[in-house]
Asks: 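This is the structure, below, for whatever I ask next.
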Amino acid sequence: MIIAEYMDPPAKVPGTQGKLLLNADMSGYTSWRAGGTADRLYTPADLADLCAFLKTLEKNEPVHFIGLGSNLLVRDGGLRGTVIHLHGALRRIDLEQRRQNGSDAAGQFGVIFAEAGVASPKVARFAATQNLVGAEFLAGIPGTVGGALAMNAGCYGHETWEYVSQVLTVNRCGEVNRRSPKEYRVSYRHVEPDVELGNRLAATCNEWFVGAWFIFPRGDGAQARLDIKHLLEKRIASQPLNLPNAGSVFRNPPGDFAARLIEACGMKGEKLGNAQVSEKHANFIVNLGGAKASDIEGLIDKMQARVEEKFGIKLQREVRILGEQL
Ligand SMILES: Cc1cc2nc3c(=O)[nH]c(=O)nc-3n(C[C@H](O)[C@H](O)[C@H](O)COP(=O)(O)OP(=O)(O)OC[C@H]3O[C@@H](n4cnc5c(N)ncnc54)[C@H](O)[C@@H]3O)c2cc1C
């Protein structure tokens, strides 16, 4: 990641090993390359260090976990509180040797543990090298495992939580927990604690993902690598990957495609400031260079309004927007 030159130099927090930046320019931490500054941005040295750092925070300090910022817009007025930046920090990925409740008795499955800061495409490639199949779809999702868990990221008919056998979480008291997928309500690009876990967390503290165990069937690794190659070629052909973007801006409404609806409103190529509805894929907004977060958000609002006016469908945002307007 590029860190803006005018950012304050890294500071140290007593008792921790990670890197704390004050007034961190979030355009260096988001794939749209736009947006304001975060009051504080902490990159932990490892999981134990993250726990130690969380314990140092004031009780009412707002905390935001991010991975690669590939689904995120930070408004120009900046983000109050502390951003925890996990990409490249929590980076352990391993093949687990243990069996999952005996289900692997015939050696038909393999379990991969990946920390939340591991890039999703790395999970796809690692699985293929272990002759495990099913993870290929992750190769085209340019975020982290933490972001994929939070978003239930998916494509080409597969979603992250299909393969999750357990998750590891940390709460703001710095305590680590292992949880079952049964403790979450998981749907299309949406994940939340179920009622019971939600009540428990409301009474104690928020928590975030720091890792996950994924279970994949054994198969042909060479074929999986070939499928990854084809999948990436397909993406290059259909997505504007040469300009900063955050993937699909809106979720697809039931039975339809957000891109089709936006294109039918004649919005391909429409600009606001230096933000543009991609000419290549109408559900993508690209930063032509120096776009403000307000240009991007203004264009999002316009797309939503135009589709609602023409089709009576209110598109739901997939990208997350944080922070304050200027
Ligand atoms: C070119 C391109 C193509 C894309 N294609 C797809 C696609 O096919 N399918 C798809 O689903 N998405 C796609 N995306 C969107 C994005 O890559 C995914 O949503 C990805 O999973 C986000 O991961 P991230 O690490 O970048 O998350 P971030 O953008 O950093 O964060 C996204 C959200 O997750 C939360 N979060 C991040 N880490 C954690 C954590 N450890 N614990 C709890 N919450 C956390 C953040 O607070 C935020 O709300 C695409 C994006 C781009 C730029």
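The model shown is predicted, which means the values in this text are computed figures rather than measured ones. Whatever order the structure lists ligands and atoms in, that order sets their numbers, starting from 1. Atom set for the values below is all heavy atoms of this structure, side chains included, hydrogens, waters and symmetry mates excluded.
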Asks: Indicate, with yes or no, if the rings of Phe109 and Phe216 have centres closer together than 6.0 Å.
Replies: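 Between Phe109 and Phe216, the centre distance exceeds or equals 6.0 Å.
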Asks: Is there a side-chain contact between Leu86 and Leu50 (heavy atoms, below 4.5 Å)?
Replies: yes
Asks: Numbering the atoms of ligand 1 from 1, which are under 4.0 Å from a heavy atom of Ala148?
Replies: 21 (O)
Asks: Is atom 31 (O) of ligand 1 less than 4.0 angstrom from some protein heavy atom?
Replies: no
Asks: Quick check on Lys122: does its NZ atom have over 12 non-hydrogen neighbours (other residues, nucleotides or ligands) under 6.0 Å away?
Replies: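 Counting other residues, nucleotides and ligands, NZ of Lys122 stays at 12 neighbours or fewer.
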Asks: Under 3.5 Å, side chain of Trp213 to main-chain N/O of Ala114, donor-acceptor pair present?
Replies: no
Asks: Below a 4.0 angstrom heavy-atom separation, can you tell me which part of Ser120, side chain or backbone, both or neither, approaches ligand 1?
Replies: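 Answer for Ser120: neither.
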Asks: So is Phe65 polar-close to ligand 1, meaning N/O to N/O under 3.5 Å?
Replies: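 Among all N and O atoms of Phe65, at least one is under 3.5 Å from an N or O of ligand 1.
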Asks: Pull out every atom of ligand 1 sitting under 4.0 Å from any heavy atom of Asn245, numbered as shown with elements.
Replies: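 The list of qualifying atoms is 1 (C), 2 (C), 52 (C), 53 (C).
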Asks: What part of Arg235, side chain, backbone, both or neither, has a heavy atom within less than 4.0 angstrom of ligand 1?
Replies: side chain
Asks: Tell me the nearest of Ala212, Gly247, Ser70 to atom 15 (C) of ligand 1, using heavy-atom distances.
Replies: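 Looking at heavy atoms only, the winner is Ser70.
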Asks: Is the number of heavy atoms from other residues, nucleotides or ligands within 6.0 Å of CZ (Arg225) greater than 12?
Replies: yes
Asks: Could you tell me the separation between the CG atom of Leu41 and the CG atom of Asn23, rounded to the nearest 0.5 Å?
Replies: 11.0 Å
